[in-house]
Amino acid sequence: APKQVLKQPSRTSAFRGVAHSPEPIMPQLVRIAIYPLKSFDPLQVYRATVLPNGALQHDRQFALIDPSGKVLTAKRTPAVHGLELVLDPVVRTLAARRRSDTEVLRWQIDDRRDDLERWLSDYFSLDLRLIEEPAGGFPDDTEATGPTIVSVASLQAVTDWFPGLTLDDVRGRFRANLEVDGVEPFWEDRLFQADSTSLPFRVGSVSFEGTNPCQRCVVPSRDPATGEVWPEFSRRFAELREQQLPPWAARERFNHFYRLATNTRGVGSSGGLIRVGDAIEL
């Protein structure tokens with residue numbers, strides 16, 4: 001099998017927790033994922049610093065742009081899926097492997113940026129430049145710059161909708177930052193309100209506000225490792241999402257139902273540290 005750049009989290013039933021229990025325990029943070037290079041592979045961490053704007057430190061800290069300033073994303077080109085690319089923002093190295101090959105290439109970002117930009121430009125047939133924003137990264141939603149949050153039970157529900165997918169497959173398609181266990185499916189829909197006012201909640205000692213259900217693009221319909229498209233994925237997802245929308249959810253916030261996870265933002269000068277195992281309080 002091709003050598004992996006990064007050891008991925010093991011596929012374990014431990015993440016299922018008591019997601020379907022009729023009497024959920026206190027919501028608890030069980031997974032933190034950051035995506036140092038926008039649209040590419042995640043790093044699973046056990047604690048993360050929350051920046052003053054509510055973003056997780058190192059999340060989407062880097063991006064690839066073309067000469068017009070347009071960011072390279074998987075939404076823009078499925079060629080992203082053919083490349084395993086892991087950026088370590090602490091030691092500032094980047095490792096890349098074509099998924100069809102075994103060779104792993106590594107660069108030190110500050111010393112060999114020209115070389116890695118040249119290699120990536122050749123791979124994507126675009127003139128690309130690596131840019132960086134350590135103060136808050138390059139979020140998709142500039143009004144809600146905090147981490148996206150979803151329950152493990154929600155991911156398991158989606159897994160059940162698409163026979164053949166695993167929980168990790170679904171996790172890789174929807175790319176949330178924070179996962180919560182000990183709650184019912186679509187618990188994260190409790191974090192926004194019908195009148196569009198923000199709903200405060202705390203992860204450990206750090207305060208956030210939920211803003212809206214996260215709108216999805218073409219990316220979740222593709223296998224993250226191959227780019228293969230699941231036919232009618234978005235249509236089937238939207239139908240089942242509407243059917244299984246909890247009765248207490250703010251239906252008014254869904255102009256369509258191809259939405260999963262909740263967008264957030266920091267409260268005031270947010271900041272602080274969150275850890276796996278932190279309790280979550282509304």
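- Residues Arg129 and Glu117 are not paired through a salt bridge, judged by the lack of any N-O separation under 4.0 Å between the basic side chain and the carboxylate.
- The distance from the CG atom of Leu83 to the OG atom of Ser100 is 9.5 Å, given to the nearest 0.5 Å.
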Report task. For the pair Arg275 and Leu29, evaluate side chain to side chain contact (heavy atoms under 4.5 Å, CB included) and give the outcome as yes or no after the intermediate values. Result -> CA-CA 7 Å; Arg275 301 173 179 85; Leu29 182 63; over 6 Å; no

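- What you find for Leu245 and Phe257 is that their closest heavy atoms are CD2-CE2, 3.9 Å.
- Heavy-atom minimum distance, Arg253 versus Pro213: O-CG, 3.7 Å.
- Judged by distance alone, the side chain of Ser39 and the main-chain N or O of Ala74 form a donor-acceptor pair under 3.5 Å.
- At a threshold of 4.5 Å between side-chain heavy atoms, the hydrophobic network of Ile, Leu, Val, Met, Phe, Trp and Tyr places Phe254 and Phe186 in two separate groups.
- In this structure a side-chain-to-backbone donor-acceptor pair under 3.5 Å is present from Asn177 to Thr148.
- Distance CG/Asp169 to CG/Leu155: 11.5 Å, rounded to 0.5 Å.
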Query raised in the report: What's the verdict on side chain to side chain contact (heavy atoms under 4.5 Å, CB included) for Leu178 and Val150, showing C-alpha distance, side-chain angles and the deciding distance?
Result: CA-CA 6 Å; Leu178 308 181; Val150 71; over 6 Å; no

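- Both Phe162 and Val152 belong to a common hydrophobic cluster when Ile, Leu, Val, Met, Phe, Trp and Tyr are linked at side-chain heavy-atom distances under 4.5 angstrom.
- A donor-acceptor contact closer than 3.5 angstrom is absent between the side chains of His81 and Glu228.
- Of the possible donor and acceptor atoms, one in the side chain of Lys38 sits under 3.5 Å from a partner among the backbone N and O of Phe138.
- Between Arg202 and Asp278, none of the side-chain N atoms (NZ, or NE/NH1/NH2) sits under 4.0 Å from a carboxylate O, so this pair counts as no salt bridge.
- Atom CD in Gln44 sits 8.5 Å away from atom CD in Glu179 (nearest 0.5 Å).
- Checked for salt-bridge contact, Arg251 and Glu242 meet the test: a charged N lies under 4.0 Å from a carboxylate O.
- Expressed to the nearest 0.5 Å, how far CG of Asp59 lies from CG of Leu51 amounts to 9.5 Å.
- Side chain of Gln108 to main chain of Arg92: a donor-acceptor pair is present (N/O by atom type, distance under 3.5 Å, no hydrogens or angles).
- Side-chain N/O atoms of Thr211 and Glu143 include no donor and acceptor closer than 3.5 Å.
- For Tyr258 (side chain) and Gln215 (main-chain N/O), no donor-acceptor pair under 3.5 Å exists by modelled atom type.
- Of all heavy-atom pairs spanning Pro185 and Pro246, the tightest one is O-CG, 4.1 Å.
- When the side chains of ILVMFWY residues are joined at heavy-atom separations under 4.5 Å, either directly or via intervening members, Val30 and Val170 end up in a single hydrophobic cluster.
- Using modelled atom types, no side-chain atom of Arg222 and backbone atom of Thr226 make a donor-acceptor pair closer than 3.5 Å.
- Taking the side chain as every heavy atom from C-beta outward, Trp230 and Leu165 approach each other to under 4.5 Å.
- Considering only heavy atoms from C-beta on, Val71 stays 4.5 Å or farther from Ile131 through its side chain.
- Both Leu43 and Ile149 are members of a single hydrophobic cluster when ILVMFWY side chains are connected at heavy-atom separations under 4.5 Å.
- Rounding to the nearest 0.5 Å gives a distance of 6.5 Å between CZ of Phe124 and OG1 of Thr77.
- By the 6.0 Å and 45° rule, Arg190 stacks over the aromatic ring of Trp248.
- At distances below 3.5 Å, not a single donor-acceptor pair connects side-chain atoms of Arg216 with backbone N or O atoms of Ser234.
- Residues Tyr35 and Pro42 share a closest heavy-atom pair of CE2-CB, 3.2 Å.
- Heavy-atom minimum distance, Met26 versus Ala279: CG-CB, 4.0 Å.
- Leu87 and Pro89 get closest at one heavy-atom pair: O-CD, 3.3 Å.
- By the 4.5 Å heavy-atom criterion applied to side chains, Leu260 and Arg173 are not counted as neighbours.
- Counting heavy atoms from C-beta outward, Pro147 and Thr264 have side chains that approach closer than 4.5 Å.
- Taking 4.0 Å as the cut-off between side-chain N and carboxylate O, Asp189 and Arg259 do not count as a salt-bridged pair.
- Around atom CZ of Arg76, more than 12 heavy atoms belonging to other residues, nucleotides or ligands sit under 6.0 Å away.
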Report task. Show the numbers, then the answer: is there a side chain to side chain contact (heavy atoms under 4.5 Å, CB included) between Val50 and Leu56? Result -> CA-CA 5 Å; Val50 181; Leu56 300 185; 4.0 Å; yes

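- Considering CG of Leu191 and CG of Leu282, their distance stands at 6.0 Å, rounded to 0.5 Å.
- Between the side chain of Arg112 and the backbone N or O of Arg106, at least one donor-acceptor pair lies under 3.5 Å.
- Gln61 places a side-chain heavy atom less than 4.5 Å from the side chain of Pro134.
- The pair Asp101-Arg98 does not meet the salt-bridge criterion, since no charged nitrogen lies less than 4.0 angstrom from a carboxylate oxygen.
- Residues Leu105 and Trp107 form a side-chain contact, since some pair of their non-hydrogen atoms from C-beta on lies under 4.5 Å apart.
- When ring centroids are compared, Phe40 and Phe62 stay outside the 6.0 Å threshold.
- In this model, no donor atom of one side chain and acceptor atom of the other lie less than 3.5 Å apart for Thr166 and Asp168.
- Salt bridge status for Asp141 with Arg60: absent, with no side-chain N to carboxylate O gap under 4.0 Å.
- The main-chain N or O of Leu130 is found under 3.5 Å from a side-chain atom of Arg113 such that the two form a donor-acceptor pair.
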**Report entry** Worked check of side chain to side chain contact (heavy atoms under 4.5 Å, CB included) between Val276 and Val45
**Finding:** CA-CA 8 Å; Val276 169; Val45 298; over 6 Å; no

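- Note on Val203 and Leu199: separate hydrophobic clusters, where clusters join Ile, Leu, Val, Met, Phe, Trp and Tyr whose side-chain heavy atoms are under 4.5 Å apart, directly or indirectly.
- Judged purely by atom type and a 3.5 angstrom limit, Ser121 uses its side chain to pair as donor or acceptor with the backbone of Leu126.
- Side-chain contact between Asp66 and Leu72 is absent, with no heavy atoms from C-beta onward closer than 4.5 Å.
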